[in-house]
Asks: 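Structure provided below as structure tokens; questions to follow.
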Amino acid sequence: MNPADLSAALLTVVTGIAQRRGGELRLTIDDLLLERPRNREHGDWASNIAMKLARPLGTNPRELAGEIASEVAKLDGVASVDVAGPGFINITLDAAAAGALAKTIVEQADRYGHNDSLAGQTINLEFVSANPTGPLHIGHTRWAALGDSLARVLKASGAELVREFYINDAGNQMDSFAASILAAAKGEPTPEGGYPGQYIADLAARVLETRPDLLELDEPEALAVSGELGYQYQLGEIRDSLERFNVHFDVWFSERVLHATPASGPSAIDAAVDRLRAQGHVFDLDGAVWVRTTDFGDDRDRVIRRANGIYTYFAADAAYYLSKGDRGFAHKIYLLGADHHGYVHRLKALAGAAGDDPDRDIEVLIGQLVSINGARLSKRAGNIIELGDLQAWLGTDALRYSLGRYPADSPLTLDPEVLQRRTNDNPVFYVQYAHARTHAVARNAAASGVARTVFDAGLLEHETESILLGILAEFPRVVRQAAELREPHRVARYSEELAGAYHRWYDNCRVTPLGDEDVTDLHRTRLWLNDAVGQVLRNALELLGVSAPERM
RNA sequence: GCGCCCGUAGCUCAGCGGAUAGAGCAAUUGACUACGGAUCAAUAGGCCGGGGGUUCAAAUCCCUCCGGGCGCACCA
């Protein structure tokens, strides 16, 4: 009896009663709100369905709950049912029905937790998308961690998904970048509005190594060489640092491709503007070309092509959006920093102007900023912390976990002192330790002759076992919710809850016999439970991109 | 001025219509010659920013005010 079975059985009971009372109710499993009560005295599972339906069925909640309860009590695997408070139905399973899950999990292994709630969806998930003119900073790092975990959770829920990095490699900032590198190569100060920083000098040194003739070239060519080589080196650095962070992008999309004019016809941007015009959301004013973004909630219309004939950044965005659809992605998710939230309406408008449904086909998630030690880190303030530095300092696991356990829309303050500690301040170690402990227990079990030869679920009667089983049962739903709500941090909070319940169980229930005690079926059955917990912790950490060590 | 996000324990934050609001840290006190003490048990700590509403039920939804953050270009 897993939660899905129980929900289905409850649904049958409730619809039956509703029909008998003459109610026209179309219920789905999601309406039943079967949940695990916080308080153990309220049973293994609770439903508030009676309070929801009392009014439509013309009765009072307690009476309806009683009627439902008496039928649910007859179900196989249900030990007892109580009606409590204003009309909650509290269900307690018998130990055998609840315990069966341990075996199921071990058998499903890394598939446990996967679900098909997003099956059939094709998703383009774009995140980080930093300018290739410098290293990734803490803000990009937060998105890298959260975006990658979101991708994993979406895939685990059945979506077909591509992780995409949009490279802003066209535009003024690339010229400024080239000029900064060339100046550094010449030993000159950073030009006005250029990029400062040691990394520019490092890039200049590498460019000079490849092209010792750089300073003998004439100015335009020297700039072109500096810019192009610097770009490649910097992009390589970004890619490497992300890979070291367990973040792999499937597609690196260059903005330049959109500007390029193929021999055969117009550039992607020209074509995009024409397509938007054909949809009827483009107009001309004062010599410029505009998109009527106000039709889609923007507070003013936006210029897509200036009066001087040059396209705005918005034009590339439009072409890029269309490219995603052309490449077969029905659903586009953008992850942007809080400093870009002004783009939300514009991007939505693009979807609408392209003939898509702005409420369904595009999703823009905004992440709040990160500060460290109370000081916000911004490029402008100059106190920027790079991904590479953070990673070397704290380690991939601690950094990914710390950034991944908070929702994106809450501002976050990290304390580097805490992140370095190998203690409970740093929950990643708490969870990893629980996982390592499941392996230690399994090793000891093997040494004591305890093996998974027998599984008798009814023996898992201890209170900590019943709690543990309840938490294990929730994992698939947690993954599903994390995917549907775009909140991968739920997986991290869940793993902490599971780790805590496991430690408490470990304290109360032994898997290996003491001294000269005999090995019993209880020991063997508990080994299944132990291994099930290890499996789920591993699955959860995998979704977060964090390693699950067998020893620490 | 307008828009978006956030105000929950001393700190960092979960919870986002359900039962007595939670975790970790910090504080106090206990538990190993029993599967790794990177653990566990216990105590203490709250007008969930203020005020109105919506309903059987509000930290959660709506309105309003007060704080804090971030944005409001024919820049990229």
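Just the heavy atoms: all of them, side chains too, but no hydrogens, waters or symmetry mates, feed the values below. Residue numbers start from 1 in every chain, and the chains themselves are labelled A, B, ... in the order their sequence lines are given, proteins ahead of strands.
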Asks: Once you apply a heavy-atom cut-off of 4.0 Å, does A:Gly171 come out as touching a base, just sugar-phosphate, or nothing?
Replies: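 The answer is sugar-phosphate, as A:Gly171 gets under 4.0 Å only of primed atoms, P, OP1 or OP2.
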Asks: Would you indicate, yes or no, if B:rC75 has its OP1 or OP2 atom less than 4.0 angstrom from a side-chain nitrogen or oxygen of A:Arg306?
Replies: yes
Asks: May I ask you to test the A:Tyr166-A:Val128 pair for a side-chain heavy-atom distance under 4.5 Å?
Replies: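 No, too far: nothing below the 4.5 Å cut-off.
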Asks: Among the candidates B:rU12, B:rG71, B:rA38, find the nucleotide nearest to the side-chain atoms of A:Met552.
Replies: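 Output: B:rA38.
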Asks: I'd like to know whether the aromatic ring centres of A:Tyr334 and A:His340 sit less than 6.0 Å apart in this structure.
Replies: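 So the answer is no for these two rings.
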Asks: Strictly below 4.0 Å: does A:Tyr430 bring a side-chain N or O up to OP1 or OP2 of B:rA23?
Replies: no
Asks: Looking for any heavy atom pair under 4.0 Å, which part of the strands does A:Ala307 touch: base, sugar-phosphate only, or nothing?
Replies: base
Asks: Looking at A:Glu550 and A:Arg538, is any side-chain nitrogen of the basic one under 4.0 Å from a carboxylate oxygen of the acidic one?
Replies: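 Result for this pair is no, no salt bridge flagged.
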Asks: Between B:rA41 and A:Asn508, counting only base atoms on the nucleotide and side-chain atoms on the residue, is there a donor-acceptor pair under 3.5 Å?
Replies: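 Check fails, no donor-acceptor contact within cut-off.
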Asks: With a 6.0 Å cut-off on ring centres, are A:Phe253 and A:Phe165 close enough?
Replies: no
Asks: Answer yes or no for this row: A:His489 ring on B:rA14 base, centroids under 5.5 Å, planes under 30°.
Replies: no
Asks: Report the nucleotide, chosen from B:rA14, B:rA34, B:rA19, that has the shortest atom-to-atom distance to any side-chain atom of A:Phe88.
Replies: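 Ranking B:rA14, B:rA34, B:rA19 by closest atom to the A:Phe88 side chain puts B:rA19 first.
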Asks: Looking at the side chain of A:Ala288, which of B:rU39, B:rC74, B:rA41 is the nearest nucleotide?
Replies: B:rC74
Asks: Which sits closer to the 5' end of RNA chain B, A:Arg302 or A:Asp507, going by the nucleotide each is nearest to?
Replies: A:Asp507
Asks: May I ask you to evaluate whether A:Arg504 reaches the phosphate of B:rA41, defined as a side-chain N or O under 4.0 Å from OP1 or OP2?
Replies: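 Result: yes.
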Asks: As a test of reading the structure: which of B:rU39, B:rG15, B:rC75 is closest to the side chain of A:Arg490, going by heavy atoms?
Replies: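 Side chain of A:Arg490 sits closest to B:rG15.
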Asks: Please confirm whether the shortest side-chain N or O distance from A:Arg346 to OP1 or OP2 of B:rA73 is below 4.0 Å.
Replies: no
Asks: Taking only N and O in the side chain of A:Thr312, is any of them less than 4.0 Å away from OP1 or OP2 of B:rC75?
Replies: no
